[in-house]
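The block underneath contains the structure these notes are about, expressed in structure tokens.
One-based numbering, in listed order, for ligands and for the atoms of each. Fair warning: this is a prediction, and the values are worked out from it, not measured in the lab.
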Amino acid sequence: MYNNLYNNLVVIGGNASGLAAASQARRINPDLNITVLESGKYISYSTCGLPYFISGYVKRAEDLLVYPKDFFEQKRNIKILMGHRVVGMDPSKKELLVSVGHAQENKIIEYDKLIISSGGTNIIPDIPGIDSSNVFQFRNVSDAENLKDYIDSNNPKKAVVIGGGAIGMLLAEAFNQIGVKTTVVERKERIYNEFEYEISTILARKAEIDGIDILTKTSITSINANSGQNTATIEDASGKKDLECVLVMLATGISANTGFLTDTSIELGINGAIKVDNKLQSSHMNIYASGDCATIKNIVTGKQDYIPTANNAVKTGRIAGENAAGGNKVFNGSVGTVVDKVLDLEIASTGIGSKEAVSLGYDAIKLIDGFSSHAGSVPGAKKIAIIIIVDTTSRRLLGAQMIGGEGVGKRIDVFATAITNEMTVDDIYMLDLSYAPAISTVWDPVNKICGKAVLALDGKNV
Ligand SMILES: Cc1cc2nc3c(=O)[nH]c(=O)nc-3n(C[C@H](O)[C@H](O)[C@H](O)COP(=O)(O)OP(=O)(O)OC[C@H]3O[C@@H](n4cnc5c(N)ncnc54)[C@H](O)[C@@H]3O)c2cc1C
């Protein structure tokens with residue numbers, strides 16, 4: 001427990017990171033007054049589970065709520081103020097300007113220490129018709145409820161998803177599952193563009209097999225619902241054409257939700273994220289930031305990065321909460337580990353890709369191979385493809401990506417651990433990984449791909 005000369009801790013944002021912060025502050029300091037300000041009408045929800053509500057796999061939006069407000073108020077003595085949106089602040093006076101519900105007037109809330117965990121915000125492309133009532137965003141429970149209501153009332157048969165990243169593909173899958181014919185429009189060369197070409201190509205092929213159309217190197221130039229047409233105009237190298245669609249889903253990426261800090265001197269970095277040090281402290285000593293609104297140190301590159309994942313949000317929240325309550329904990333950073341299950345394929349990545357390795361000056365090699373997820377003696381094994389990126393000088397693993405039918409999540413975490421601990425492919429090749437025929441092969445695919453790298457580095461036949 002820490003002793004403080006202050007007692008008023010305010011947290012902005014009532015989801016993964018903000019509640020992790022508030023809860024940790026309470027754990028280590030029972031005397032603080034802790035207040036969480038949340039602009040929306042829900043707190044503590046599983047954002048990651050929202051697509052399953054659209055597909056109907058999760059039946060009710062309430063099922064995505066993790067802990068109720070009462071839990072925080074009664075068990076953790078944390079005051080939760082919903083419908084409280086921070087619209088401005090004056091760090092020199094330690095004051096927040098807060099808009100409450102639909103009230104016309106704002107009120108001032110004071111703090112001694114502040115944690116900003118306001119998450120990310122969707123990037124809205126500047127396209128004519130983007131404000132049409134058939135265009136949806138998808139970040140929180142209210143967005144999911146709006147989309148579900150629209151689908152239930154209008155029974156759309158055709159949808160366009162703008163953006164072929166993780167969120168776009170998860171929603172395309174959800175629409176496909178409920179019988180909405182979906183086209184994903186991606187302006188870059190391929191979907192899942194942050195992944196290596198081979199991995200995103202496997203996913204794109206699976207999408208086409210499942211009946212989802214993928215248009216790459218294609219942009220949406222207008223959405224035409226406001227002029228009474230159920231179309232969106234798209235443009236590729238061959239010119240413009242109209243695509244029929246009743247529903248348009250925006251999945252064009254996120255930036256940090258820090259617009260309300262514009263008039264303050266709080267320093268912002270990559271993607272508008274609040275610059276924090278390894279103790280999650282911002283450029284102001286009484287203000288901490290965590291989760292999708294804050295920068296994060298990339299362990300592989302050593303640089304400040306923007307890696308908006310739930311796993312990072314809860315961990316940075318915990319450290320910010322501890323330090324704001326008087327602690328002195330350090331957050332070492334992230335290797336950018338992500339995993340998704342989309343179209344019955346697990347797809348995952350950790351560390352850096354081949355292009356980034358080259359741009360950082362590494363003399364790197366990339367190895368790719370396909371494996372069986374478990375032994376052939378037990379029926380039902382699935383194919384998995386693995387790519388690793390290795391620094392030829394140090395023989396260290398720099399990055400790994402995988403796609404396949406099962407066991408991808410388990411294995412990407414081994415790679416993440418290895419990268420964090422700067423292991424060489426020689427070490428990983430001989431790592432004692434578990435084996436049972438229904439789970440793996442005697443040489444786990446993680447061992448095998450690293451064995452292949454060892455041969456390549458030693459100049460032997462691969
Ligand atoms: C559809 C979807 C699926 C995802 N799936 C995964 C996944 O499988 N794995 C994974 O790791 N990550 C996933 N993510 C990302 C993950 O959800 C986020 O990284 C995580 O929610 C970030 O937590 P956070 O608390 O920082 O921000 P948020 O969850 O965005 O919470 C921020 C909160 O702050 C509130 N707020 C914002 N501004 C203000 C203000 N001015 N005043 C008061 N309150 C404010 C918001 O209403 C919100 O409740 C997914 C995201 C989406 C959208």
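- Contacts between P308 and ligand 1 below 4.0 angstrom, taking non-hydrogen atoms only, involve the backbone exclusively.
- Comparing I54, V86, L81 against atom 41 (N) of ligand 1, the shortest heavy-atom distance belongs to V86.
- Residues N311 and T337 bring no donor and acceptor atom of their side chains to less than 3.5 Å of each other.
- Side-chain contact, Q304 with T295: a donor N or O sits under 3.5 Å from an acceptor N or O.
- Polar contact with ligand 1: absent for C293 (N/O pair, distance under 3.5 Å).
- Both the backbone and the side chain of D292 come within contact range of ligand 1, each with a heavy atom under 4.0 Å.
- The part of N257 lying near ligand 1 is the side chain, judged by heavy-atom distances below 4.0 Å.
- In this structure, I12 counts as a contact residue of ligand 1, since one of its heavy atoms falls inside 4.0 Å of the ligand.
- Residue contact check: T309 has heavy atoms under 4.0 Å from atoms 11 (O), 12 (N), 19 (O) of ligand 1.
- When the shell of 6.0 Å around CZ of R205 is examined, it contains 12 or fewer heavy atoms from other residues, nucleotides or ligands.
- Scanning S99, S39, G40, S117 for the heavy atom closest to atom 36 (N) of ligand 1 points to S39.
- Residue A313 approaches ligand 1 through these ligand atoms, each under 4.0 Å from one of its heavy atoms: 22 (C), 23 (O), 26 (O).
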(message) Let's go through I389 and E356 carefully: what are the C-alpha distance in whole Å and the side-chain angles of both, what is the deciding distance for side chain to side chain contact (heavy atoms under 4.5 Å, CB included) to 0.1 Å, and is it a yes or a no?
(response) CA-CA 10 Å; I389 318 297; E356 196 174 6; over 6 Å; no
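- Looking at ligand 1, you won't find any N or O of Y42 less than 3.5 Å from one of its N or O atoms.
- S200 places no side-chain N or O within donor-acceptor distance of the main-chain N or O of F195, the cut-off being under 3.5 Å.
- Residue Y45 places a heavy atom under 4.0 Å from ligand 1.
- The minimum heavy-atom distance between E322 and K329, with the atom names listed, is OE2-NZ, 3.5 Å.
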(request) With salt bridge (charged side-chain N to carboxylate O under 4.0 Å, His left out) as the test, would you mind laying out the steps for K382 and D344 before giving the verdict? (result) CA-CA 11 Å; K382 308 272 174 25; D344 281 333; over 6 Å; no
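- For ligand 1, the atoms lying closer than 4.0 Å to a non-hydrogen atom of G291 are 26 (O).
- With hydrogens and angles disregarded, a donor-acceptor distance shorter than 3.5 Å links the side chain of S55 to the backbone of Y52.
- Under the 4.0 angstrom criterion for non-hydrogen atoms, N311 is in contact with ligand 1.
- Within the 4.0 Å heavy-atom criterion, neither part of A166 lies near ligand 1.
- Under a 4.0 Å N-O distance rule, the pair K69/E38 does not qualify as a salt bridge.
- In summary, the atoms of ligand 1 found under 4.0 Å from a heavy atom of F260, numbered by their order in the structure, are 41 (N).
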